[in-house]
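What follows is a single structure, written as structure tokens, with notes after it.
All values derive from a computational prediction rather than experimental measurement.
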Amino acid sequence: MTHLAAVQAPTAPAPSGGKAITLQFNNNTLLSLLLGDHDRHLVRIEQALGVRLSCRGNRVAIAGDASRVDLAQGVLRGLWRRLEKGESVGRAEIEAAIRLSDAENDPRLPLSDLPAIRTRRGAVAARSPGQVAYMESLANHEMVFGVGPAGTGKTYLAVAQAVAMLQAGKVDRIVLSRPAVEAGERLGFLPGDMKEKIDPYLRPLYDALHDMMPADQVIRRMTNGEIEVAPLAFMRGRTLAHCYAILDEAQNTTPMQMKMFLTRMGEGTRMVVTGDLSQVDLPNGVRSGLRDALDTVEGIQGIGVVRFEQRDVVRHPLVARIVGAYDQRDAALGDARRERERPETGG
């Protein structure tokens with residue numbers, strides 16, 4: 001077992017009102033992986049957590065505000081545990097550790113204790129506070145709504161849970177579905193037959209499946225009916241029993257379509273509904289079935305609802321800032337509209 005110890009740092013005096021500690025790592029090979037090329041991992045942790053990090057030999061000194069030093073220490077210890085277990089530490093893992101450690105009002109869970117979805121291709125771990133709550137909800141509820149911006153892992157984690165349950169024999173099949181409403185496009189104008197028109201639209205679901213299991217296994221399971229990927233319209237009149245059903249892009253359902261899907265649930269079935277209410281492509285005046293469902297069924301026993309936020313975006317850090325900029329603009333436009341609609345009072 002590689003030795004890791006935290007001691008007071010005599011060479012890094014704490015700033016006024018601050019704190020300074022040193023972590024000692026007795027495996028230089030793993031330490032180089034922790035630091036990253038040209039210490040880029042340390043630089044990123046410094047920027048994100050507002051601390052000073054410096055490495056001399058096999059020691060990393062941390063200095064800054066006491067609470068931020070504790071966060072940085074937790075990040076480094078969690079990443080070190082990954083390396084000790086033979087797991088990789090790259091940019092994605094650094095960003096995940098930062099998000100999880102710097103999450104206000106969320107449990108400070110060490111990385112080793114976070115929930116994971118285990119498929120035969122390996123474990124899929126949570127990379128944000130929202131993903132922690134989502135994965136726990138997927139494990140504990142028969143019906144789950146995952147709502148929030150793109151890039152938060154709503155669909156990917158739902159597919160991972162579905163594959164894990166299929167491979168463990170807990171469900172007989174997987175049904176993946178999307179409403180056939182396009183972002184500014186129309187299927188009728190695309191070339192080819194119905195399958196050729198629909199397949200590109202369902203591509204994100206196929207991509208997630210191929211990340212979870214070998215391509216030949218995906219093809220075999222789709223051929224024998226264990227995995228079905230189909231537009232929402234194909235669900236009408238069916239009862240989905242002993243399966244894992246996922247409705248993606250649910251913000252583009254109508255209330256009637258959403259009710260139809262939710263009432264397909266049969267014995268031994270798990271259902272997950274994912275969507276982003278900021279990206280509704282329905283015609284003006286048509287209420288989103290996802291919003292309607294949340295207003296109707298949230299709070300019912302056995303249904304889990306997880307709302308992702310900007311900080312849960314696990315794509316490139318710039319994506320989170322773009323999402324935040326759009327949210328701020330939409331909030332400002334909403335405030336301006338309410339101001340215009342406010343009735344004038346007579347003087």
Side-chain angles (χ1 to χ4, degrees), residues 130-162 165 171 173-183 201-202 204-205 208 228-310 312-313 323 327 330 334:
Q131 288 193 357
V132 172
Y134 188 51
M135 292 169 72
E136 290 177 343
S137 192
L138 291 174
N140 297 318
H141 292 89
E142 293 180 312
M143 182 178 291
V144 176
F145 287 80
V147 186
T152 50
K154 303 182 299 294
T155 303
Y156 190 86
L157 292 176
V159 173
Q161 180 74 5
M165 292 189 71
V171 295
R173 58 200 175 104
I174 297 173
V175 177
L176 308 175
S177 186
R178 278 182 154 196
V181 176
E182 311 79 37
Y201 187 69
L202 299 172
L205 298 175
E228 177 183 355
V229 184
L232 178 60
F234 289 25
M235 299 297 109
R236 190 172 299 278
R238 300 174 58 183
T239 298
L240 302 175
H242 303 289
C243 76
Y244 204 106
I246 299 172
L247 176 58
D248 191 33
E249 298 289 341
Q251 76 275 4
N252 289 327
T253 62
T254 65
M256 186 176 297
Q257 288 174 327
M258 177 62 77
K259 181 181 178 183
M260 180 271 291
F261 178 79
L262 297 180
T263 55
R264 299 308 93 196
M265 190 172 192
E267 182 180 353
T269 287
R270 295 279 186 114
M271 278 191 168
V272 182
V273 177
T274 69
D276 178 3
L277 287 169
S278 71
Q279 297 192 34
V280 177
D281 297 317
L282 294 168
N284 289 335
V286 178
R287 179 171 169 80
S288 168
L290 177 58
R291 188 180 300 280
D292 186 73
L294 292 171
D295 290 344
T296 305
V297 306
E298 187 168 4
I300 292 178
Q301 185 175 358
I303 295 179
V305 177
V306 178
R307 287 181 168 83
F308 292 87
E309 302 174 9
Q310 172 191 341
D312 294 310
V313 174
V323 170
D327 288 346
D330 292 344

According to salt bridge (Lys or Arg N to Asp or Glu O under 4.0 Å), who are the partners of Glu142, at least two apart in sequence or on a separate chain?
none
Could you go through Leu205 and Thr155, starting from their C-alpha distance and side-chain angles, then the distance that decides it, and tell me whether this counts as side chain to side chain contact (heavy atoms under 4.5 Å, CB included)?
CA-CA 8 Å; Leu205 298 175; Thr155 303; 3.6 Å; yes
Give the minimum heavy-atom separation between [X] and [Y], together with the two atoms involved.
X: Ser137; Y: Gly304; answer: OG-CA, 3.6 Å
X: Cys243; Y: Val175; answer: SG-CG2, 4.2 Å
X: Ala139; Y: Gln161; answer: CA-NE2, 4.1 Å
X: Ala150; Y: Asp276; answer: N-OD2, 3.7 Å
X: Val306; Y: Gly130; answer: CG1-O, 3.8 Å
X: Gly268; Y: Val171; answer: O-CG1, 4.3 Å

With rounding to the nearest 0.5 Å, note down the distance linking [atom1] in [X] to [atom2] in [Y].
X: Ile246; Y: Thr274; atom1: CD1; atom2: OG1; result: 7.5 Å
X: His141; Y: Arg270; atom1: NE2; atom2: CZ; result: 9.5 Å
X: Asp248; Y: Lys154; atom1: CG; atom2: NZ; result: 8.0 Å
X: Arg287; Y: Thr254; atom1: CZ; atom2: OG1; result: 12.0 Å
X: Thr152; Y: Gln310; atom1: OG1; atom2: CD; result: 12.0 Å

Any residue meeting side-chain contact (heavy atoms from CB on, under 4.5 Å) with [X], in chain and number order, not counting sequence neighbours:
X: Val305; result: Phe145, Leu294, Glu298, Ile303, Arg307
X: Ser177; result: Leu232, Met235, Leu247
X: Val280; result: Gln251, Asn252, Leu282, Ser288
X: Ala160; result: Ile117, Val124, Met212

Do the non-hydrogen side-chain atoms of Arg264 and Met260 ever get within less than 4.5 Å of each other?
yes
Would the distance check show the side chain of Thr269 and the main-chain N or O of His242 forming a donor-acceptor pair, the cut-off being under 3.5 Å?
yes
Ignoring hydrogens and angles, tell me if any N or O in the side chain of Thr296 forms a donor-acceptor pair with the backbone of Asp292 under 3.5 Å.
yes
Would you please name every residue forming a ring-ring contact (aromatic ring centres under 6.0 Å, His included) with Phe308, sequence neighbours left out?
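In terms of ring-ring contact (aromatic ring centres under 6.0 Å, His included), with neighbours along the sequence ignored, Phe308 is linked to Tyr134.
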Hey, which of Lys259, Met265, Met258 is the one that makes side-chain contact (heavy atoms from CB on, under 4.5 Å) with Leu262?
Met258
